[in-house]
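First up is the structure itself, then whatever we jot down about it.
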Amino acid sequence: MSPLCAPLPVLISLLFASVTAKATISPWPEGDGAALLAFKEKLDDGGGTALLSWNQSSHFCTWQGVTCGRRHLERVTAINLTAAGLTGQISPSIGNLSFLRSIFLNNNSLHGGIPSSIGHLRRLRFLVLRFNSLGEEIPLELVNCSELTIINLHGNRFVGSVPPWLGSFKRLTSLYLSNNSLTGVIPTSLANASSLEVLALHYNHIEGVIPEVLGRLARLRTLNLGVNNLTGTIPTSLYNLTSLQGLGMAVNHLSGELPADFGSKFRNLRKLLLSSNKFSGPFPSSITNCSDLENFELASNNFSGRLPPNMGRLAKLTWFIIFGNHFEAQTANDWDFLASLTNCSNLESVYLQSNNFGGSLPHLVANLSEKLQNLCVSDNLISGSIPPGIGNLAALQRFVLSYNNFIGDIPEGIGRLRHLRVLVLDDNSLSGHIPPTLGNLTLLLILNASLNALRGTLSSIKGLEQLYISHNDLSGGIPLFFQNLSFLYAIDLSFNRLEGPVPTNGVFQNISSFFIAGNNELCGGIQELHLPACPMQHLERKKSKLVPLLIAGSSLCFVLLWIIIFVLIYRRRSKKMQSTPLSSGLDAQYPMISYAELSRSTAGFDAANLIGRGSYGSVYKATLDSENRAVAVKVFDLQQLGSSQSFIAECEALSRIRHRNLDLIKIITCCSSIDLNGDDFKALVFEFMPNKSLDRWLHPNLEEAHHQNARNLRLTEMLNIGIDVAEALDYLHNNCKPPVVHCDLKPSNILLDEEMVAHVGDFGLSKFLPEGMSRCLADRSNSFGLRGTIGYVLPEYGEGSPVSTSGDVYSFGVLLMELLSGKSPLDDMFKDGLNLHTLVETRGVLEIVDPASLLRENGTNSLNSIEECWISLARIGLACTKRMPGDRMHMSDVVAHLRSLRNLFV
Ligand SMILES: *[C@@H]1O[C@H](CO)[C@@H](O)[C@H](O)[C@H]1NC(C)=O
Ligand SMILES: *[C@@H]1O[C@H](CO)[C@@H](O)[C@H](O)[C@H]1NC(C)=O
Ligand SMILES: *[C@@H]1O[C@H](CO)[C@@H](O)[C@H](O)[C@H]1NC(C)=O
Ligand SMILES: *[C@@H]1O[C@H](CO)[C@@H](O)[C@H](O)[C@H]1NC(C)=O
Ligand SMILES: *[C@@H]1O[C@H](CO)[C@@H](O)[C@H](O)[C@H]1NC(C)=O
Ligand SMILES: *[C@@H]1O[C@H](CO)[C@@H](O)[C@H](O)[C@H]1NC(C)=O
Ligand SMILES: *[C@@H]1O[C@H](CO)[C@@H](O)[C@H](O)[C@H]1NC(C)=O
Ligand SMILES: *[C@@H]1O[C@H](CO)[C@@H](O)[C@H](O)[C@H]1NC(C)=O
């Protein structure tokens with residue numbers, strides 16, 4: 001019975017007016033206002049700017065994200081603080097808001113558990129906490145919230161098993177527990193939650209079989225159990241779920257054959273995700289009845305036989321991903337499935353690699369969707385020619401034919417594929433010339449034409465002026481004919497795997513015209529390179545292996561040419577060895593770790609395992625099956641400009657210097673693959689550093705400060721860290737040939753192991769540097785814009801100066817002074833010309849050292865000697881950060897100074 005007689009808004013504003021007046025005298029001592037204030041208090045920084053309005057100058061019903069009832073005007077019915085930047089914990093006081101119906105706290109950084117007081121919220125319908133860092137077990141008390149219709153805990157760190165009592169929620173329509181760390185089995189009681197439409201348990205560690213009784217959930221539209229440890233088969237009862245639109249079972253250990261009427265049962269299916277299991281037998285032709293199907297993903301199973309010839313009936317198909325099975329084709333008719341896909345106008349990806357497809361590729365593939373981006377047929381038994389009309393596929397980005405028996409020419413039309421990034425033709429029997437039109441493919445990143453019988457044409461490149469083929473997988477010697485190209489004035493061969501002599505004529509005469517850093521074992525060349533002389537027999541051996549090559553296209557002044565050569569070193573891989581469809585060739589030197597394993601070991605790159613985030617991607621903690629110890633996985637965000645180059649630079653740098661210096665982070669492997677969606681995936685796997693980065697010690701957040709207050713760095717530890725880092729840089733600068741410049745030294749890139757030994761990591765910006773490298777080419781090859789991090793880069797980097805070792809020295813000096821003072825160079829106090837250098841210089845070290853650090857020293861040294869040590873450290877810091885690069889100390893001198901300081905002090 002509503003007592004309202006005035007229009008609602010009027011009443012509310014009157015009421016608020018009076019409450020506000022009262023509030024200034026006596027804030028809400030109890031009731032929902034008090035509970036909200038207690039909620040705010042448990043958040044770091046009082047909820048920050050998002051909760052500024054949560055103060056007593058206005059009624060709590062007007063606060064940001066708070067909704068009160070229409071009937072019960074003083075009662076909060078909804079909290080909606082989506083993506084509000086909240087950190088901290090959820091206060092138990094939330095349980096006092098007993099009229100709450102919806103809680104939306106998704107997309108924040110909340111940690112801790114769900115308070116058990118949540119069980120008091122008998123009216124709660126929507127509990128949406130996805131994308132936070134919440135953990136612990138899901139509290140039993142939640143079972144009292146029997147009105148719940150949506151529970152979304154996706155993307156947190158919840159542990160324990162899937163609670164069996166969830167089955168008692170009769171109104172529950174959506175249950176998302178995906179991307180957590182849940183263990184145990186799927187409880188059969190879930191079958192009692194008869195309203196369920198969405199059941200998402202993917203990316204956990206759930207084991208056991210799929211319960212038969214799930215077939216009773218007749219309303220289910222989405223069932224996603226992917227990336228768990230499920231075993232057994234798909235229970236037949238599941239085929240009763242005729243409303244299913246999404247069926248996700250990928251990356252489990254499921255087996256068995258699919259029934260012939262599979263497609264007739266799941267008529268509404270849109271997404272079928274079965275990749276990375278052990279399913280076998282033929283694929284049922286009834287699938288062609290699923291007229292809404294968009295994703296058909298069966299990769300890495302044991303399916304066999306022929307595919308239904310009328311696959312093209314699936315008019316909405318976008319992804320056709322069947323690689324890594326035993327599907328076969330022998331006659332032309334066996335290929336009808338592919339020809340019929342020409343009816344699918346949304347088709348974007350066709351991955352057929354690593355099957356038993358033989359015969360010739362139907363020329364009709366040239367008529368596939370004009371949206372087609374990926375076409376991979378490698379590692380099959382395909383013969384015949386490359387379809388001549390291939391140039392019609394205007395959107396094609398990746399075209400991979402390797403490890404087959406293709407014969408004949410590379411069609412001229414390939415030059416029309418303006419979006420092509422990856423063209424991999426190696427290990428076929430192609431012959432003839434490489435068409436000059438390839439020179440038109442300005443986006444091409446990888447062209448691998450090795451292990452064919454292609455002939456190069458020299459005439460067509462006579463006019464070549466600039467050739468950039470860096471960051472590829474070129475191996476063998478530098479072809480001598482490059483020095484005969486009379487118009488060529490700039491060539492970039494860097495970051496390949498070239499070895500042997502560097503030519504000395506033509507473009508190789510002038511050090512500012514060519515760039516060869518980051519190759520394996522180059523020797524000779526002009527004197528300024530300071531490369532070792534070539535051994536005699538080496539020279540001859542390389543010459544004899546040199547096979548004449550390709551190259552095409554002419555360029556005007558600034559046309560970029562991307563072309564690759566190849567051949568030379570015969571590196572035949574056995575078929576099927578590779579589970580990933582494409583590898584960059586970097587993989588060869590490392591253990592192979594599949595995308596599936598990385599994904600599994602990080603619970604699907606779950607936020608719960610996130611240990612850091614940088615400019616080029618995210619770092620996760622993981623335990624790999626094959627390594628049996630904790631590792632850190634750095635996943636590159638390939639949407640970020642430059643991140644792909646960063647991956648290659650880091651992978652190359654670390655592989656060349658790995659194992660040789662203890663103070664550098666140790667790399668376990670590089671992974672260049674595609675993910676379950678068929679997108680490029682690049683990651684590096686490192687040893688795990690339990691003591692995190694130096695940054696976390698110098699500038700701990702509130703939580704870290706709370707946990708580690710006893711662990712502040714003492715002077716001896718600072719000295720040791722300084723020496724570790726200096727030795728690492730000294731090694732990079734003075735013991736690597738060519739020298740390596742790190743380019744991004746800062747506390748967050750220095751990682752501390754169990755023993756607090758510092759390791760220099762993050763080589764994403766590193767450069768190999770022939771000494772005397774001229775400015776011109778260094779700039780041109782710099783695709784990152786400003787290198788390094790503001791505050792740590794030497795001032796001249798911003799002014800377009802070349803990358804040099806003295807830049808690292810500058811960063812090291814800043815780091816040393818930061819260690820001493822505890823002040824980040826990015827601190828607000830540093831402006832108007834004041835920086836760490838000028839501060840230390842003008843104020844003297846004793847004034848800037850954190851006074852608390854004196855208390856930390858354990859008393860074995862006199863105050864005098866501590867102060868003396870500080871002063872010496874500050875002097876080194878100043879000497880490293882001199883304005884003119886030439887005035888700065890050398891890293892080897894820094895190491896010597898620091899070592900003698902340690903001897904004196906310790
Ligand atoms: C919450 O409710 C409990 C029990 O009713 C009460 O003791 C407590 O003060 C309330 N807390 C807040 C913040 O209102
Ligand atoms: C209190 O909230 C009001 C908005 O309701 C806001 O304008 C004001 O800045 C807040 N006061 C404080 C001290 O945060
Ligand atoms: C929440 O985060 C996810 C993942 O980062 C993102 O896709 C989604 O758009 C975000 N939602 C909101 C409302 O910010
Ligand atoms: C489902 O509910 C029924 C009746 O409430 C109960 O008897 C049965 O044990 C429940 N099933 C499971 C698997 O919990
Ligand atoms: C499937 O549903 C039918 C009726 O709709 C029922 O008779 C049958 O037992 C169910 N099958 C399974 C395996 O649950
Ligand atoms: C489903 O597909 C099969 C094989 O393609 C076909 O024989 C059957 O008639 C179809 N069933 C329905 C109900 O469309
Ligand atoms: C494409 O669709 C048309 C009609 O929609 C049909 O006649 C034709 O057979 C289909 N082509 C293939 C190759 O399946
Ligand atoms: C592609 O390259 C060829 C040879 O290099 C050239 O003649 C032709 O004009 C180019 N085509 C386009 C569309 O640029």
Side-chain angles (χ1 to χ4, degrees), residues 12-13 16-17 19-21 23-24 26-43 45-68 74-76 78-100 102-110 115-122 126 128-134 141 144 150 152-157 174 176 178-180 200 202-203 602-610 613 617-618 620 635 637-640 675 677 679:
I12 290 176
S13 56
F16 285 176
V19 171
T20 311
T24 47
S26 143
W28 310 282
E30 57 198 14
D32 283 5
L36 287 173
L37 285 178
F39 174 85
K40 175 181 159 105
E41 208 154 283
K42 207 67 166 124
L43 299 173
D45 203 14
T49 50
L51 300 196
L52 267 187
S53 62
W54 288 38
N55 64 51
Q56 286 159 22
S57 70
S58 61
H59 191 274
F60 62 81
C61 289
T62 66
W63 291 351
Q64 174 79 30
V66 175
T67 308
C68 288
E74 289 284 273
R75 302 309 309 266
V76 175
I79 294 183
N80 183 352
L81 293 169
T82 292
L86 305 180
T87 58
Q89 306 199 17
I90 302 179
S91 164
S93 74
I94 201 164
N96 289 24
L97 302 169
S98 54
F99 276 61
L100 260 187
S102 48
I103 300 177
F104 285 84
L105 293 173
N106 51 304
N107 293 59
N108 286 295
S109 304
L110 299 168
S116 56
S117 61
I118 197 146
H120 297 145
L121 306 180
R122 303 300 171 97
F126 307 110
V128 179
L129 302 175
R130 68 181 177 144
F131 296 118
N132 276 289
S133 302
L134 294 164
E141 290 77 4
N144 296 327
I150 293 179
N152 194 331
L153 307 183
H154 173 97
N156 280 286
R157 305 174 181 186
S174 299
Y176 292 90
S178 36
N179 284 54
N180 278 291
H202 51 283
Y203 285 118
T602 54
F605 308 105
D606 180 3
N609 296 318
L610 195 66
R613 212 171 246 153
S618 309
Y620 298 86
V635 180
D637 174 5
L638 298 177
Q639 306 299 321
Q640 288 286 334
D675 63 17
N677 295 336
D679 291 331

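Side chains included, hydrogens not; waters and symmetry mates left out as well; all remaining heavy atoms used. First listed ligand is number 1; within each ligand, the first listed atom is number 1. Residues: numbered from 1 along the sequence shown.
Nearest protein heavy-atom neighbour of atom 4 (C) of ligand 3: F131 CZ, 3.5 Å. Protein heavy atom at the shortest distance from atom 5 (O) of ligand 2 is S58 OG, 3.6 Å. Nearest protein heavy-atom neighbour of atom 11 (N) of ligand 2: N55 ND2, 2.7 Å.
For ligand 3, the atoms closer than 4.0 angstrom to any heavy atom of T82 are 13 (C). Close contacts between ligand 1 and A38 involve ligand atoms 13 (C) [criterion: under 4.0 Å to a heavy atom]. Proximity to S57 (heavy-atom distance under 4.0 Å) selects the following atoms of ligand 2: 1 (C), 2 (O), 3 (C). Interface of L52 with ligand 2, defined as ligand atoms under 4.0 Å from a residue heavy atom, comprises 1 (C), 2 (O), 10 (C), 14 (O). Those atoms of ligand 3 that come under 4.0 Å of a heavy atom in N107, given as number and element, are 1 (C), 2 (O), 3 (C), 8 (C), 10 (C), 11 (N), 12 (C), 14 (O).
When only interatomic distances are considered, the shortest N/O to N/O separation between N96 and ligand 1 falls below 3.5 Å.
Proximity of atom 2 (O) of ligand 3 to the protein is indicated by at least one non-hydrogen atom lying closer than 4.0 angstrom. Proximity of atom 9 (O) of ligand 3 to the protein is not indicated, since no non-hydrogen protein atom lies closer than 4.0 angstrom.
Heavy atoms of other residues, nucleotides or ligands lying less than 6.0 angstrom from CZ of F605 number more than 12. For K42, the NZ atom sits in a loose shell: 12 or fewer heavy atoms of surrounding residues, nucleotides or ligands are nearer than 6.0 Å.
Using a distance-only test at 3.5 Å, with no hydrogens or angles considered, a donor-acceptor pair links the side chain of N609 to the main chain of T602. The backbone N or O of E141 lies less than 3.5 Å from no partner atom in the side chain of S116, so there is not a single donor-acceptor pair. Of the possible polar contacts, one joining the N108 side chain to the L81 backbone as a donor-acceptor pair under 3.5 Å is found.
Using cut-offs of 30° and 60° on the angle between ring planes, the pair H154 and F131 is perpendicular.
Side-chain contact between L110 and L129 is absent, with no heavy atoms from C-beta onward closer than 4.5 Å.
Donor-acceptor pairing under 3.5 Å is recorded for the side chains of S98 and R75.
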